[in-house]
Structure formats: C-alpha cells, structure tokens
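All ligand and atom numbering here is 1-based and tracks the order in the structure.
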Amino acid sequence: MKDIMTAPFLRETCETASNMYRLGWDERNGGNISVLLDEAEAAEYLDMDRVLRRVQTGFDAKALAGRLFIVTGTGKYFRNIAKQPEKDLGVIRISADGSEAELLWGYSDGGSFTSELPAHLMTHISRLAADPLHRVVTHCHPTHTVAMTRVHPLDERSFTRSLWKTCTECVIVFPDGVGVLPWMVCGTNAIGEATAAKMKEYRLVVWASHGIYGTGRTLDEAFGLIETVEKAAQLYMLTAHLPILNTMTDEQLEAAAERFGVDYRRDFLDL
Ligand code: 2HA
Ligand code: ZN
C-alpha cells in the first residue's frame with residue numbers, strides 16, 4: 001500500500017486549502033472542499049474493506065452510493081490543513097443506501113466531515129449530471145465577492161453582467177455565468193437543495209452575505225473560477241462608486257466570447 005500522505009489527491013487538497021487561506025478567503029474555519037476520487041487510484045492508498053467509523057449523511061445520497069470523496073472536516077481551519085491532513089481531512093465512501101458516510105481514513109481526532117456536506121454532495125449530483133467528468137466542489141468566503149452581494153442586486157443576470165464587464169477574461173472563464181442565492185441559513189439541507197438546483201446550470205453559485213461555491217473537473221478549475229470571480233468583484237468594488245467612463249459593451253462581450261469559442265449565456269447580453 002502506498003503512503004496516502006504522498007497521494008496527489010491529498011497533496012492537491014492541502015495546497016488548495018493553503019492557497020485559499022493565503023488569499024484571505026478562509027478565515028478561521030471558513031470554507032470546505034470535497035473531491036470525488038477515482039476508486040482505483042484511492043485503492044492504491046487505502047484499505048477499502050476497513051471502515052473506521054460510520055456517520056449519518058443526513059439526507060438521501062443514494063445517487064452517490066459507493067462513491068469516494070476526500071472532504072475537509074467540520075470546524076477545521078484551512079490555515080492548518082497542510083500541517084495536519086490526517087486530522088483535518090477525511091476520505092469517506094457513501095453507503096449503499098445513501099444514508100451513511102463510511103470513514104476510510106482521516107478525522108483522526110474523532111472529528112467529522114464539513115457541516116456543508118449536504119450542499120457538497122447535492123452539488124456533486126447536479127454537476128455530474130451536467131458533466132460526467134466533474135470532480136470538485138469548493139466553498140470559501142472571498143472578501144470582494146461577499147462585499148459585492150451587500151451592494152449589488154442579487155439577480156443572476158445583472159450580477160453576472162457586472163462581473164463580466166469588469167475585465168475581458170470573465171466572459172471567457174465563466175461564460176455560463178454565476179448563480180446567486182439570497183441569504184439562507186448555512187449547513188442545512190435547504191441551502192444544499194437550493195445550491196444544487198442552481199448547479200444544474202452554473203459551475204459557480206454565490207451565497208449572499210456568505211461566500212461562493214466553485215466546481216470543476218479539477219481543483220485548479222474550481223479554484224480558478226473562484227479566483228476570477230473574486231478578481232472581478234474586487235474591480236467592481238474598487239470602481240462602483242466612481243463615475244464609470246469606460247466599460248465593455250455587450251457587443252464587445254459577445255466578440256470576446258466568440259473569439260474564444262465559449263458557450264456563453266447569450267440571454268445575459270442585450271444584443
Ligand atoms: O465550514 O464556511 O459555510 C464553514 C463554512 C460554512
Ligand atoms: Zn461558509
């Protein structure tokens with residue numbers, strides 16, 4: 001059996017958590033990450049027959065029965081994850097009936113998975129239906145994105161347009177736009193269901209006065225999506241109170257999207 005501390009999925013999860021912390025997106029225990037693992041790859045590092053503990057998922061996760069995830073732990077600080085992955089991360093397998101998470105490794109101090117597991121698992125179900133190569137769900141609290149939800153209308157079309165118009169790369173990086181939810185109590189099945197409903201058409205969902213969910217086929221993709229939204233939100237917040245003399249027109253957004261051949265939300269443009 002190979003040493004799990006050397007596993008690429010573990011190293012990359014640690015690196016992502018450290019980078020998110022470094023950028024100020026994950027104060028205290030803010031944020032959580034889950035990555036769907038390839039079973040054959042995970043079996044190189046883990047005894048699949050040895051279940052350490054069983055924890056209720058709290059909802060029907062049957063659609064993910066048998067699937068393996070590496071997941072950040074509840075109450076854990078992103079600042080510490082790379083130093084103590086065996087405490088702050090766990091590898092879980094969803095039980096056959098979808099009611100339990102079987103812990104195969106990690107949470108060595110008796111801890112458990114993130115309180116946002118329902119939102120993560122429901123989002124995995126939505127994104128896998130949209131893209132069979134989907135693997136990653138990340139949540140964090142990027143400062144300017146959260147600030148923007150305090151001053152900007154929360155409808156998806158206008159929120160996406162404001163982000164797109166801040167700089168050229170936005171419409172190219174997230175041509176599918178950004179889903180937006182009003183403020184809701186976090187850690188509940190209700191916010192999980194609302195997030196997963198948006199995730200049928202978006203890879204990014206903003207939670208007003210809270211944070212953002214980013215998804216992707218890789219940690220780099222999910223991270224890069226959030227990084228680009230946060231850059232745009234920063235530009236928005238730096239300039240929203242100033243006279244805007246120059247911006248991108250809808251025709252220019254269309255031209256950028258066409259040049260890079262991305263499938264963009266045409267209905268978000270006034271053409
Ligand atoms: O895990 O960010 O939304 C802590 C949170 C809850
Ligand atoms: Zn949060």
ask   = Do the two ring centres, one from Phe9 and one from Tyr45, sit under 6.0 Å apart?
value =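 Yes: the rings meet the under 6.0 Å criterion.
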Run through all N or O atoms in ligand 1 and write down each protein N or O closer than 3.5 Å, as a pair with its distance.
from     : atom 1 : to     : atom 2 : distance (Å)
ligand 1 : 1 (O)  : Asn29  : O      : 3.4
ligand 1 : 1 (O)  : Gly31  : O      : 3.4
ligand 1 : 1 (O)  : Asn32  : ND2    : 2.9
ligand 1 : 2 (O)  : Gly31  : N      : 2.9
ligand 1 : 2 (O)  : His139 : NE2    : 3.3
ligand 1 : 2 (O)  : His141 : NE2    : 3.0
ligand 1 : 3 (O)  : Glu116 : OE2    : 2.6
ligand 1 : 3 (O)  : His139 : NE2    : 3.2
ligand 1 : 3 (O)  : His210 : NE2    : 3.0

message = Less than 2.8 Å away from the Zn ion (ligand 2), how many protein N/O/S atoms can be counted, ignoring water?
response =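 Excluding waters, the total comes to 3.
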task = Taking the side chain as every heavy atom from C-beta outward, state whether Thr123 and Ser126 have any atom pair closer than 4.5 Å.
result =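 Heavy-atom side-chain distance check fails, nothing below 4.5 Å.
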ask   = Between Arg266 and Tyr264, is NZ or CZ placed under 6.0 angstrom from the six-membered ring centre and within 45° of the ring axis?
value =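 Yes, a cation-pi geometry holds between Arg266 and Tyr264.
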request  = Answer yes or no: does atom CD of Glu41 have more than 12 heavy-atom neighbours from other residues, nucleotides or ligands under 6.0 Å?
outcome  =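 Yes, because the 6.0 Å sphere around CD of Glu41 holds more than 12 heavy atoms from other groups.
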request  = If the plane angle is over 60° it's perpendicular, under 30° parallel, otherwise tilted; pick one for His210 and His141.
outcome  =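 Judged by the thresholds at 30° and 60°, the geometry between His210 and His141 is perpendicular.
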inquiry  = I need the Thr215 OG1 to Tyr202 OH distance, nearest 0.5 Å.
reply    =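 Between atom OG1 of Thr215 and atom OH of Tyr202 there are 13.0 Å.
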ask   = In terms of side-chain geometry, is the basic nitrogen of Arg157 or Asp270 positioned less than 4.0 Å from the acidic oxygen of its partner?
value =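 Yes, Arg157 and Asp270 are salt-bridged.
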request  = Could you tell me whether Asp176 and Arg265 have a side-chain N and a carboxylate O separated by less than 4.0 Å?
outcome  =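 Looking at Arg265 together with Asp176, the answer is no, because their closest N to O distance does not fall below 4.0 Å.
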ask   = Would His144 and Glu230 count as having a side-chain donor-acceptor pair, cut-off 3.5 Å?
value =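 Note: His144 and Glu230 side chains meet the donor-acceptor criterion.
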